[in-house]
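Structure record follows, encoded as structure tokens.
Every chain is numbered from 1, with letters handed out A, B, ... down the list of sequences.
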There are 2 protein chains.
Amino acid sequence: MMSRSLDPHALEVVRAVGARGGVGAAAELLHVTPSAVSQTLQALSRDVGMPVTERVGRGVRLTPAGEALAAASVDVAVALERARAACDALRTDPGGEVTVSAFASGARMLFPTLLTWAQGVPGLRVVLADGDVATDQFAALTDEIDVVVGHHPEGEDPWAGIGRRVVPLLREPLDVALPLDHRLADRSWLTPQDLADERWISVREGFPVAEVLSAITGGAPHVTQRLNDFSVVEALVAAGHGISLLPRYTTSAQGRFRLLPLRGVRAARSIAALARPDRAERLAVRRVLDRLVADAASLTAPH
Amino acid sequence: MMSRSLDPHALEVVRAVGARGGVGAAAELLHVTPSAVSQTLQALSRDVGMPVTERVGRGVRLTPAGEALAAASVDVAVALERARAACDALRTDPGGEVTVSAFASGARMLFPTLLTWAQGVPGLRVVLADGDVATDQFAALTDEIDVVVGHHPEGEDPWAGIGRRVVPLLREPLDVALPLDHRLADRSWLTPQDLADERWISVREGFPVAEVLSAITGGAPHVTQRLNDFSVVEALVAAGHGISLLPRYTTSAQGRFRLLPLRGVRAARSIAALARPDRAERLAVRRVLDRLVADAASLTAPH
DNA sequence: AGCATCTCTGTAGCATCGCTGCATGATGTC
DNA sequence: GACATCATGCAGCGATGCTACAGAGATGCT
């Protein structure tokens, strides 16, 4: 007997195959064996009366029908999670587990208050993770993690049209960190012109701060080191190994070095939370997102 | 292990229980045993962490959570059928079986051309049924039948806010049928005043034409017979047993009696197609609905 | 060309799930 | 108090989805 209605799980499998570009990769994402994925695709093809995948080389790709189903799968998942959320809304405790990932400096800024809040919410369990990836890889994390806090150079919009819910959190200016004995250390602000011929300590290519640095120096800055851990960068700056560009709210100089604002140029990173649309429907996830927005607002307000 | 995602079928069960007001009635609608429905409800309650039904007397009713899920179930079903339709749209033949029901006179008007068209569409199978029910019962038929053609007195809107797709088809004026030897038979049109003190042959209470008759006679008309089969009514009128109100496009006097339009009063019935929102997403169902609209338009155009 | 590698597909066995059929429990009705 | 009605609990069965392993097809390297 043929199934009268499509199976949402099969649709999710198609979506995963389309997103990851292969049966094996999709299986890994879904935590099943490739065989299970292959069989699910076959069953689905039988249901809709036409193949949803076709072989190309030694891999597969979605047929037009498969693409259509993958796209529709999102709406189905959203509707299902909305159903659960509508039900959860009637309960006092949001309940459930929410996984949250953030890049290191964002995590330092947001996680402490988030976790404190979460402990006071009955039934809610926030699982933290820190993932330091390039700008274009944040979205991929949302396949496994409910809320991904990412950042990108101000003005860009790298996450438009990729089918992810984007919740802007805050705009964080990037300031210049100088050793205390630097020739510019007694200034109260700096311009890009002041910083020609400086030795920079930056982050790896593809990460937001590096791109902003290239923009304000008008080309290829003289970068002596590339380190993604800001606390290490801070230590190097304090020790006089160069100057750096550091996010304002995340960095506390505490007398170890000077942190001066830039004028005449917009140097900042934008921080936002990303989530898959269906995950974003979950009540607990919505609460976490709301909380992140509130926390971010209170971070910028005092400054 | 707890199911991570809600089961669409379970949601449909909840919807059926809410709509039919009981486990047994819902089971009948879904063609399963009451036991299956009961167990499904239990499993769902476990999933959402709170009961979806509660006992009241010897029956059950939905809890607020159950109501929420029943409402959300519609969106899930729509999203699922949209997925299938998006896929079917890539195919040449719409495919599948569509059940269509209509009241008798509507069926006579629409079914012949509909069936002729359907035979020319590969893969499509239109299953006809005629169901003569009161205005407020058409919607209930959509639980079992894809497309239900119903009618109601002009101006009313009995199918608003019941969660059914309503596709208006046509407005059919109601004319007065007179025996050939009636005192008014040589007139070219009539007014309500002309028709005081007449003996009427009408349809059973609760059916559209009966309500229109009460409206134009300004109270309780003198009804001698109530028959729902218009061909019988026509025979009675021709034989001089009274006058009647008959739909213009459905009736062909063919010299057996006179059919005169009314002036000074709006006497008509509105005909529309009803469908459950999820069923209406199916490509084959959409094609049938489109065809009905076109057929209805071509019926009224020549007049 | 030959071989190793990578990726998807096919088969057997196993666990799980939903449904039926019947028995039981609860609640109004005569 | 007996009965009818409606829902629920339980055992058994068939269907379904998964894993583990074996096979097939394509790619690329030597």
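The interatomic distance linking B:Leu44 (CG) with C:dC19 (C1') rounds to 17 Å, in whole Å. Atom NE2 in A:His9 sits about 14 Å away from atom P in C:dC17, given to the nearest Å. When the C1' atom of C:dT9 is taken as reference, atom CD of A:Gln39 falls 9 Å away, rounded to whole Å. Atoms CZ (B:Arg55) and P (D:dC6) sit 12 Å apart, rounded to a whole Å. One interatomic measurement links the two molecules: CG of A:Asp47 to C1' of D:dT16, which rounds to 12 Å at whole-angstrom precision. The CG-P distance, from B:Leu30 to C:dG18, rounds to 15 Å in whole Å. Rounded to an integer number of Å, the gap from A:Leu41 CG to C:dC8 C1' is 10 Å. Taking atom CG of residue A:Asp7 and atom P of nucleotide D:dA15, one finds them 18 Å apart after rounding to whole Å.
Side-chain rings of A:Phe207 and A:His151 stay apart, their centers remaining 6.0 Å or farther from each other.
Taking the side chain of B:Val60 as heavy atoms from C-beta on, and the options C:dC19, D:dA7, D:dT5, the nearest nucleotide is D:dA7. Comparing C:dC19, D:dT8, C:dT27 by their nearest atom to the side chain of B:Thr40 picks out C:dC19. The side chain of B:Ala36 approaches C:dT20 more closely than any other nucleotide in the set C:dT9, D:dT19, C:dT20. Closest to the side chain of B:Val23, out of D:dT27, D:dT19, D:dT8, is D:dT8. Which of D:dT19, C:dT27, D:dT8 sits closest to the side chain of B:Ser38 comes down to D:dT8.
Salt bridge B:Asp75/A:Arg82: absent, no basic N to carboxylate O contact under 4.0 Å. Comment: B:Glu281 engages B:Arg165 in a salt bridge, judged by a side-chain N to carboxylate O separation of less than 4.0 angstrom. Taking the charged nitrogens against the carboxylate oxygens, A:Arg84 and A:Asp278 have no contact shorter than 4.0 Å, which rules out a salt bridge.
Using modelled atom types and a 3.5 Å distance limit, the side chains of B:Ser38 and B:Gln42 yield no donor-acceptor pair.
The base of D:dA7 is not paired with the side chain of B:Ser35 by any donor and acceptor separated by under 3.5 Å.
Within 4.0 Å (heavy atoms only), A:Gln42 reaches sugar-phosphate atoms of the nucleic acid but no base atom.
Nearest approach of A:Arg291 to A:Leu114, heavy atoms of both residues: CG-CD1, 3.9 Å. Shortest non-hydrogen contact noted between B:Leu29 and B:Glu144 is CD1-CG, 3.7 Å.
The stretch residues 67-76 of chain B has no heavy atom under 4.0 Å from DNA chain C, so no residue of it qualifies as close.
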